[in-house]
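In what follows, every heavy atom counts, from backbone to side chain, and hydrogens, waters and symmetry copies are set aside.
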Amino acid sequence: MIGRLIALLFFAREVAHREHLKTRSYAEHVALNEFYDAIVGNADSIAEAYQGRHEIIEDIPMISMDLTGGPADKLEKILTAVEKIRYTAVDKTDTTIQNLIDEAIAQFLSTLYKLKNLK
């Protein structure tokens, strides 16, 4: 399940980058750029910490989701999927790695604020 969590973060980066390139809004352009630059670092930190405590993540699948709407709608759907599996991917008691997942979720939330409120 940890591989799927990492895959979702990679997928979010891909979606954000594509949305970044097609937006006509400067505020969206900047917010999405900040997101896709940061979320891969979040994913990397989570994966490395997990592998330091457990084992090498052998399978990070390629995933896709049926996404509609604007950039905020798409990132919210991915965020929901991340939040749904976080405790099956990493035990709740593993607070070090859960804190790293919190940082990735915070990146989503900060970006959602910017996409929804800064025009």
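- For the atom pair F108 CZ and E76 CD, the distance stands at 11.0 Å (nearest 0.5 Å).
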Please set out all donor-acceptor pairs under 3.5 angstrom arising from side-chain atoms of residues 54-66, sequence neighbours excluded.
none

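- Note on ring orientation: taking the six-membered ring where Trp is involved, the planes of H17 and Y36 are parallel (angle under 30°, cut-offs 30° and 60°).
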Could you list the donor-acceptor pairs under 3.5 angstrom formed between side-chain atoms of residues 38-46 and any protein atom two or more places apart in sequence or on another chain?
unit_1 : atom_1 : unit_2 : atom_2 : d
S45    : OG     : G41    : O      : 3.1

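- When hydrophobic clusters are built by joining Ile, Leu, Val, Met, Phe, Trp and Tyr residues whose side-chain heavy atoms come closer than 4.5 Å, directly or via intermediates, F11 is grouped together with M1.
- Apart from Y87 itself, the hydrophobic cluster it occupies contains nothing, where clustering links Ile, Leu, Val, Met, Phe, Trp and Tyr at side-chain heavy-atom distances under 4.5 Å.
- Smallest separation of non-hydrogen atoms from Q107 and E34: NE2-O, 4.2 Å.
- We find the NZ-CG distance between K84 and L8 to be 11.0 Å, quoted to the nearest 0.5 Å.
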_Intermediate values then yes/no, side chain to side chain contact (heavy atoms under 4.5 Å, CB included), D73 and L67_ = CA-CA 8 Å; D73 300 315; L67 300 176; over 6 Å; no
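- Between L109 and L79, the closest side-chain pair of non-hydrogen atoms falls below 4.5 Å.
- Residues I97 and D91 are not in side-chain contact: their nearest non-hydrogen atoms beyond the backbone lie 4.5 Å or more apart.
- Sequence neighbours left out, not one pair with a member in residues 64-85 passes ring pair (Phe, Tyr, Trp, His ring centres under 6.0 Å).
- Partners of N33 by side-chain hydrogen bond (donor to acceptor under 3.5 Å, both in side chains), not counting sequence neighbours, listed by chain and number: D37.
- When the side-chain hydrogen bond (donor to acceptor under 3.5 Å, both in side chains) test is applied to E14, the partners found at least two apart in sequence or on another chain are R18.
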_Using side chain to side chain contact (heavy atoms under 4.5 Å, CB included), reason through L118 and Y113 one step at a time and then give a plain yes or no._
CA-CA 8 Å; L118 305 179; Y113 156 72; 3.8 Å; yes
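- Residues E28 and K116 are not paired through a salt bridge, judged by the lack of any N-O separation under 4.0 Å between the basic side chain and the carboxylate.
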